[in-house]
*Asks:* 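Shown below is the structure under consideration.
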Amino acid sequence: MTSSRRKLVAGNWKMNGLTASMAELVEMCDANPSNCDVLVCPPFPLIGRFVGSAGNSHIEIGAQDCHTAESGAHTGDVSAALLKDVGASAVIVGHSERRADHGESSALIKAKAEAAHANGLTAIVCIGETEAQRDAGNAETLVTAQMRESLPSGATAANTVVAYEPVWAIGTGRTPTTEQIAAMHSALRAALVADLGDEGNGIRLLYGGSVKPNNAAEIFAIDDVDGGLIGGASLKAADFLGIVNAA
Ligand code: PGA
């Protein structure tokens, strides 16, 4: 079944980049990789420009968060409707940094993913355990439950991607073992199929957390790993393209 899912490599720029960073995107677009789906998610103010710049390439542009509401009195927030309007095709929801920095709950993340869907955006729903939870020995049970709480109703292979990102692997240079990633992705796949039937077989499961050009091929070869969500290594075209080429 793995072969029926096209791999996706998504870059999450987080709160990094200035207008000058457009040069990195231009380099990525010039390379125009087509071996897998490629998405770059810059900070909000750069989305419109990035969409314009990526226009003639296969690279799509996404956002890192959205609000649950269509519009209204929510100072500083951005609606999924506006993201769609400026040309984004996807939005990351529930990244562990938002869960931690902004106290976002799985229920809120589910609502954000539903807002994304209502506006025709793909929702990339992030989940993952802390180091203490991993050490306690119940990471799979916990992360599977987190996924079930965070997944939007009406999730399909076309509108939803799940990103498993162990919190302790993000930005640390540490990654789980191949066996740990395989066990988690297999547990998540089983839950998706149990809940959604064949549609659950089509939903892509990304791995994220310290993916680099030198470990990407090994990680992407694991069963049920359908690509990656890349932070630090997505900021430089050479690194990101190295990862994309490994998919
Ligand atoms: P990292 O971040 O690749 O820098 O570890 C991944 C992420 O947070 O999406």
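Bear in mind the structure is a predicted one, so any value in this text is a computation, not a measurement. All ligand and atom numbering here is 1-based and tracks the order in the structure.
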*Asks:* Short list, please: which atoms of ligand 1 are under 4.0 Å from a heavy atom of G232?
*Replies:* 1 (P), 3 (O), 4 (O)
*Asks:* Short list, please: which atoms of ligand 1 are under 4.0 Å from a heavy atom of G171?
*Replies:* 1 (P), 4 (O), 5 (O)
*Asks:* Can a donor-acceptor pair be found between the side chains of E165 and H95 at a distance below 3.5 Å?
*Replies:* yes
*Asks:* Counting only heavy atoms, which portion of A169 has something under 4.0 Å from ligand 1: side chain, backbone, both, or neither?
*Replies:* backbone
*Asks:* Heavy-atom contacts with E165 under 4.0 Å: which atoms of ligand 1 show up? List them by number with element.
*Replies:* 6 (C), 7 (C), 8 (O), 9 (O)
*Asks:* Purely on distance, is any nitrogen or oxygen of K14 under 3.5 Å from one on ligand 1?
*Replies:* yes
*Asks:* For the side chain of S150 and the backbone of M147, is there at least one donor-acceptor N/O pair under 3.5 Å apart?
*Replies:* no
*Asks:* Taking 4.0 angstrom as the limit and counting only heavy atoms of H95, give me the atoms of ligand 1 inside it, by number and element.
*Replies:* 7 (C), 8 (O), 9 (O)
*Asks:* Quick one: does any side-chain atom of R204 pair with a main-chain N or O of V161 as donor and acceptor, under 3.5 Å?
*Replies:* no
*Asks:* Is R5 salt-bridged to D224, cutoff N-O under 4.0 Å?
*Replies:* yes
*Asks:* Tell me: protein heavy atom nearest atom 3 (O) of ligand 1, and distance?
*Replies:* G231 N, 2.8 Å
*Asks:* Where's the contact between I170 and ligand 1, heavy-atom distance under 4.0 Å: side chain, backbone, both or neither?
*Replies:* both
*Asks:* Of the non-hydrogen atoms in N215 and S210, which two are nearest, and what is the gap between them?
*Replies:* ND2-O, 3.0 Å
*Asks:* So, R148 side chain and L192 main chain: donor-acceptor pair closer than 3.5 Å or not?
*Replies:* no
*Asks:* Using a strict cut-off of 4.0 Å, indicate which atoms of ligand 1 neighbour a heavy atom of S210.
*Replies:* 1 (P), 3 (O), 5 (O)
*Asks:* Hey, is NZ on K236 packed in by over 12 heavy atoms from elsewhere, all under 6.0 Å?
*Replies:* no
*Asks:* Which of the atoms of ligand 1 are close to N12, meaning less than 4.0 Å from one of its heavy atoms?
*Replies:* 9 (O)
